[in-house]
Amino acid sequence: MPLVIYNTRTRRKEPFQPLEPGVVRLYVCGITAYDACHVGHARSAVVFDLIVRYFCWQGYRVRYVRNFTDVDDKIILRSRAENVPSSVIAERYIQEYREDMAALGVLTPEHEPTVSGHMRDIIAMIEVLLKKGYAYQANGDVYFSVEKFPRYGELSGRQLDEMLSGARVEANEAKANPLDFALWKGAKPGEPTWESPWGAGRPGWHIECSAMSHAYLGAHFDIHGGGKDLLFPHHENEVAQSQAASGQPFVNFWVHNGFVNIQHEKMSKSLGNFLTVRSLLERYHPEVIRLFLISTHYRSPVDYTEEAMATAKKNLDYFYTLLQRLDAAAAAAPAASTAPGGAGERQAAAGEEGESVLRRKFGGAMDNDFNSAAALAALFEASTTLNARLDRGELEGSAAAAAELREVGGVLGIMQRQPLEYLRWQPALGGARVTEEWVAAQLERRNAARRARDYAEADRIRDELQARGIIVEDSKDGTQWRRSG
RNA sequence: GGCGGCAUAGCCAAGUGGUAAGGCAGAGGUCUGCAAAACCUCCACCCCCGGUUCAAAUCCGGGUGCCGCCUCCA
């Protein structure tokens with residue numbers, strides 16, 4: 001079954017066909033670097049990271065571009081508040097974003113262009129728009145004339161006259177039409193400026209993405225992504241600018257991710273429920289955050305709650321516990337000793353051909369508009385089967401199974417750590433501060449008590465460990481421990 | 001006011017006309033010194049009312065209730 005993607009432009013799922021065989025050209029609107037990155041930014045980044053990883057898994061080469069907006073009103077506002085140049089503000093938050101994304105295991109795009117680094121491209125595109133009559137100058141500004149672009153409103157499904165009758169269009173004397181938007185803003189005191197044919201100033205918000213996507217991916221490329229909120233006006237304006245300038249189609253597939261709510265409320269600064277990635281990373285393992293974010297289809301809203309995070313953690317514990325079992329089984333039953341024609345060998349052979357049940361179900365789910373929630377279900381089903389096999393003492397094929405889980409998990413960005421490293425990971429915040437050495441000493445005492453059949457003492461030690469977030473598990477092969485987080 | 005989306009078990013969440021995935025919680029069981037982990041079993045007339053169809057959670061119409069965008073926002 002071929003990959004189908006929901007295309008915002010047509011409001012339907014459509015079979016994906018790249019413009020160039022084997023290559024996907026993808027542009028995603030990144031952040032405006034004016035404040036700490038929040039869980040909503042993380043969702044967008046993780047969603048498109050998942051999409052990139054899936055394309056790669058399918059054998060595509062992905063030309064992935066995600067921009068940083070480093071020239072903007074909000075950045076300027078912040079720079080005034082702190083009395084430092086706006087470039088310092090932008091640099092700071094770009095750096096933070098990179099650190100946060102790295103922590104979340106989000107792959108770095110091939111290019112991460114900035115507005116300030118592409119002034120020449122931006123100015124060139126505005127010149128073309130002026131020359132072709134789609135733009136006009138007024139009071140030192142340059143505006144795009146929406147009436148000159150007949151298909152304006154097509155992407156977001158709006159009509160010009162309907163928008164005009166809306167109550168919330170700003171009044172601006174310089175604009176010929178209230179819906180016209182700025183391509184270039186004339187210099188104002190205290191703002192960063194660049195020289196242009198229309199005098200000093202800075203670009204409007206929308207033109208940067210048109211100019212930068214063109215610079216790296218060409219006039220016409222496969223997929224353009226971003227948060228749902230960007231559909232209008234940002235992406236609508238991009239379409240108008242890009243198509244007007246190039247005279248070519250712009251983007252084949254528009255992909256928009258849904259929002260993150262916090263405890264059933266929209267996240268906003270005024271509500272005080274602004275959840276930064278940093279604060280999350282202090283409390284949860286990065287892969288737990290990822291698992292939480294991909295447990296819901298990317299277009300639906302996802303609600304952040306402590307309960308949902310606890311569930312995500314529990315689920316990831318389950319996967320890693322299985323990996324640990326498989327690793328141990330693989331060590332106990334080397335592949336070489338697999339009996340000819342045995343279950344293990346058949347499993348391994350199926351794996352080689354990429355026809356395992358897991359791969360097939362996982363791929364089928366992801367092919368359906370990157371349905372990570374359904375893909376996860378395939379992972380759970382495979383895990384239950386593998387655990388049952390291990391329970392029965394069937395150790396053959398464990399190494400291949402573990403490798404397959406890691407491979408498929410890798411597309412989702414989970415199961416990429418060593419099981420014990422994950423299971424014993426301790427968040428920066430919360431939990432008792434106990435060292436592995438201390439735990440080992442307690443376990444030694446406890447096992448001595450168990451050997452002496454002093455179960456009261458053994459249970460007392462276990463309770464004490466549990467009170468400090470250490471879960472003790474006895475088995476035939478010895479005692480294991482992990483942190484409850 | 002305009003445009004769009006969503007309503008599936010206590011909670012979260014898939015579901016592409018053919019008789020409801022998966023996870024969490026819960027109940028019972030196997031295993032265990034006891035636990036834990038793991039496994040097995042159980043747990044939904046898919047918001048309401050019409051319609052199309054042999055057949056609808058899925059399509060159409062009408063309600064009701066949430067949510068988003070239209071202004072900076074991932």
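As a basis for the values below, the full set of heavy atoms in this structure was taken, side chains included, without hydrogen atoms, waters or symmetry mates. Every chain is numbered from 1, with letters handed out A, B, ... down the list of sequences.
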Under 3.5 Å for both donor-acceptor distances, Watson-Crick or wobble: does [N] have a partner, and if so which one?
N: B:G68; value: B:C3
N: B:G26; value: B:C42
N: B:G33; value: none
N: B:U52; value: none

I'd like to know if A:Arg43 reaches the base of B:A74 with its side chain such that a donor and an acceptor end up less than 3.5 angstrom apart. no
Between B:G15 and A:Asn368, counting only base atoms on the nucleotide and side-chain atoms on the residue, is there a donor-acceptor pair under 3.5 Å? no
With stacking defined as ring centroids separated by under 5.5 Å and planes differing by under 30°, is A:Phe380 stacked against B:G22?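 So no, this residue does not stack on that base, at least one cut-off failing.
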For a quick check of understanding: with a heavy-atom distance under 4.0 Å over all strands, which category does [X] fall into, base, sugar-phosphate or nothing?
X: A:Val47; answer: nothing
X: A:Glu473; answer: base
X: A:Arg325; answer: sugar-phosphate
X: A:His297; answer: sugar-phosphate
X: A:Gly227; answer: sugar-phosphate

Mind calculating the distance between [atom1] ([X]) and [atom2] ([N]) to the nearest angstrom?
X: A:Asn237; N: B:C72; atom1: CG; atom2: C1'; result: 14 Å
X: A:Ile470; N: B:A37; atom1: CD1; atom2: C1'; result: 16 Å
X: A:Leu326; N: B:A38; atom1: CG; atom2: P; result: 13 Å

Using atom P of each nucleotide, how far apart are B:G61 and B:C3 to the nearest Å?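 About 15 Å, rounded to a whole number of Å.
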For A:Phe16, run the ring pair (Phe, Tyr, Trp, His ring centres under 6.0 Å) check against A:Tyr6, A:Tyr54, A:Phe55 and tell me which one passes. A:Phe55
Stepwise ring pair (Phe, Tyr, Trp, His ring centres under 6.0 Å) check, A:Trp425 with A:Tyr320: CA-CA 12 Å; A:Trp425 181 84; A:Tyr320 270 112; over 10 Å; no
Should A:Trp205 be listed as having a side-chain N or O under 4.0 Å from OP1 or OP2 of B:C73? yes
Should A:Tyr455 be listed as having a side-chain N or O under 4.0 Å from OP1 or OP2 of B:U32? no
Nearest 0.5 angstrom please: A:Arg9 CZ to A:Leu155 CG, how far? 8.0 Å
Measure from the side-chain N and O atoms of A:Asp367 to the backbone N and O of A:Pro2, and report whether any donor-acceptor pair falls under 3.5 Å.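 Not confirmed, A:Asp367 side chain does not pair with A:Pro2 backbone.
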Would you say A:Tyr143 and A:Phe181 make side-chain contact, with heavy atoms under 4.5 Å?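 No; the side chains remain at least 4.5 Å from each other.
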